[in-house]
Amino acid sequence: MNAAPAAPRPPLRSLDDALAELLTHAVPLAGSDSLSTFDADGRVLAQDVVSALQVPPEDNSSMDGYAVHSAQLSDEGVELRVSQRIPAGSSGSALEPGTVARIFTGAPVPAGADAVVMQEDCEPVAGREGFVRVLQIPKPGQWIRRAGEDVRRGATVLPKGERLTPAALGLAASIGMDVLQVAKKPRVALFSTGDELVMPGEVAPEQMRPGAIYNSNRFFLRALLLRLGCEVTDMGIVPDRRDATLDALRSAAASHDLILTSGGVSVGEEDHIKPAVQQLGSLDLWQIAIKPGKPFAYGKVGAAHFIGLPGNPVSSFLTFLVLVRPFLLKLQGASELRVTPVPLVADFDWPRADKRREFLRVRRNATGGLDLFANQSSGVLTSAVWGDGVIDNPAGQTIRRGDTVQFLPFSALLS
Ligand code: AMP
Ligand code: MG
């Protein structure tokens, strides 16, 4: 019925190009949130965290034992009086010459002491209450944690743009920070397109009509967005109709930073995303030279960014990881947008080179090499569950068993 000639296929563009252009649109969100340090895991710092004190605050003991002045201990087995007791949380007084101080882990080393002998290397002196025999000649500095060895006063312990990890929260707390300034959460509206899609729970597996499939993309996309610190509005499945698509886009654009969709961005397809986004704003359809993946759309609807991912589940999953992930991190002002590949050895042959850069689903094996999932089709989501990462394989590249390849672990890509 519609006899319009097929549009010419746009040229494939490289992933690096596409990412670079996409990132030019990712202007970091204005403003920041003041958040309890307790709640800031995974968020991106909007401030430099600078220490007003040194950590540890003073030299302290890293052992339970005796603080000594090492020069006064030239012989093993010397008997010395225990002149004071310094538990953690208290501060002792200067060490009396010729004596030792009972000291516990974390307690400040008294002035005049320059080493700690652990209690296992000392013994009480029978018949001499309050005396200890030191069985080891200590080296100066032994078992002492130096003041400021962790954090110097005035040091930037966490720079703006750092994504907070559990360890980073601990470090911030160690310098007294109970509140942190973090980037705003990107507000993301998510919807799927496709009349074939059915939500799990709405129709039982045995009742599914021919041609229907369950909406799987919605589940992993939502989870991926949440892991990246986004606030997600799940708008469900939008029917393959122009008016429904326009309505969904309009209502999402008003209060979101990003509208993310999956499906309906393949070239030549009867779809409503493209004309609807163009009617309300602007849209570029990109054919990216990656496999799986390829179709990808970027545009604007009002002030909101629009990103259209391919419908095939593995394509959707991977284009999210290599394009949307850095985009969302940049919106949050993150300084590290990329995942560093790990060179590992392939334990398989991949004799058919592809014209496109490929992301092969693989798994590390017991000998540290990589096994390949047998079915690399863009519809086979099992590959992404079985795998613990992907090989980033350049276009035109075959792989022979024993070759070193570039591995991107999901543990890094999914965080
Ligand atoms: P499309 O990009 O709309 O042409 O879809 C490509 C393929 O992905 C088709 O086989 C769709 O049925 C499938 N697909 C699209 N969206 C989803 C989804 N949300 N969940 C699972 N499969 C999907
Ligand atoms: Mg579709």
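Just so you know, ligand 1 is whichever comes first in the structure, and atom 1 is the first atom listed for that ligand. Heavy atoms only: backbone and side chains are in, while hydrogens, waters and symmetry mates are out.
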* Below 4.0 angstrom from a heavy atom of N215, which ligand 1 atoms are there? Numbered from 1 as shown, please. => 18 (C), 19 (N), 20 (N)
* To do: For Y214, take its heavy atoms, then give the atoms of ligand 1 lying under 4.0 Å from any of them.
  => 20 (N), 21 (C)
* Can G194 be said to touch ligand 1, with heavy atoms closer than 4.0 Å? -> no
* May I ask you to identify, for P295, whether its side chain, its backbone, both or neither come under 4.0 Å of ligand 1 on a heavy-atom basis? => neither
* **Element-labelled atoms of ligand 1 that are located less than 4.0 Å from some non-hydrogen atom of I213** => 12 (O), 21 (C), 22 (N), 23 (C)
* Asked: Which option out of S315, P313, G311, S216 puts a heavy atom nearest to atom 15 (C) of ligand 1?
  -> G311
* Could you say whether the N/O atoms of R218 and ligand 1 ever approach to under 3.5 Å? => no
* So, do E21 and T24 sit near enough that their side-chain heavy atoms are less than 4.5 Å apart? -> yes
* Less than 6.0 Å separating the ring centroids of F317 and F410? -> yes
* To do: Write down the atom of R218, the atom of M199, and the distance for their closest heavy-atom approach.
  => NH1-SD, 2.9 Å
* If we only count N/O pairs under 3.5 Å, is G264 in contact with ligand 1? -> yes
* Asked: Under 4.0 Å between a Lys/Arg side-chain N and an Asp/Glu carboxylate O for K160 and D48?
  -> no
* Considering T193, N312, L381, which one's heavy-atom position lies nearest to atom 6 (C) of ligand 1? -> N312
* Lys/Arg cation over aromatic F348: R401, 6.0 Å, 45° cone -> no
* Structure fact -> Here the atoms of ligand 1 under 4.0 Å from any heavy atom belonging to S262 are 19 (N)
* Do the ring centers of F327 and H25 come within less than 6.0 Å of each other? -> no
* Taking the six-membered ring of W286 (Phe, Tyr or Trp), confirm whether the NZ or CZ of R13 is under 6.0 Å from its centre and within 45° of its axis. => yes
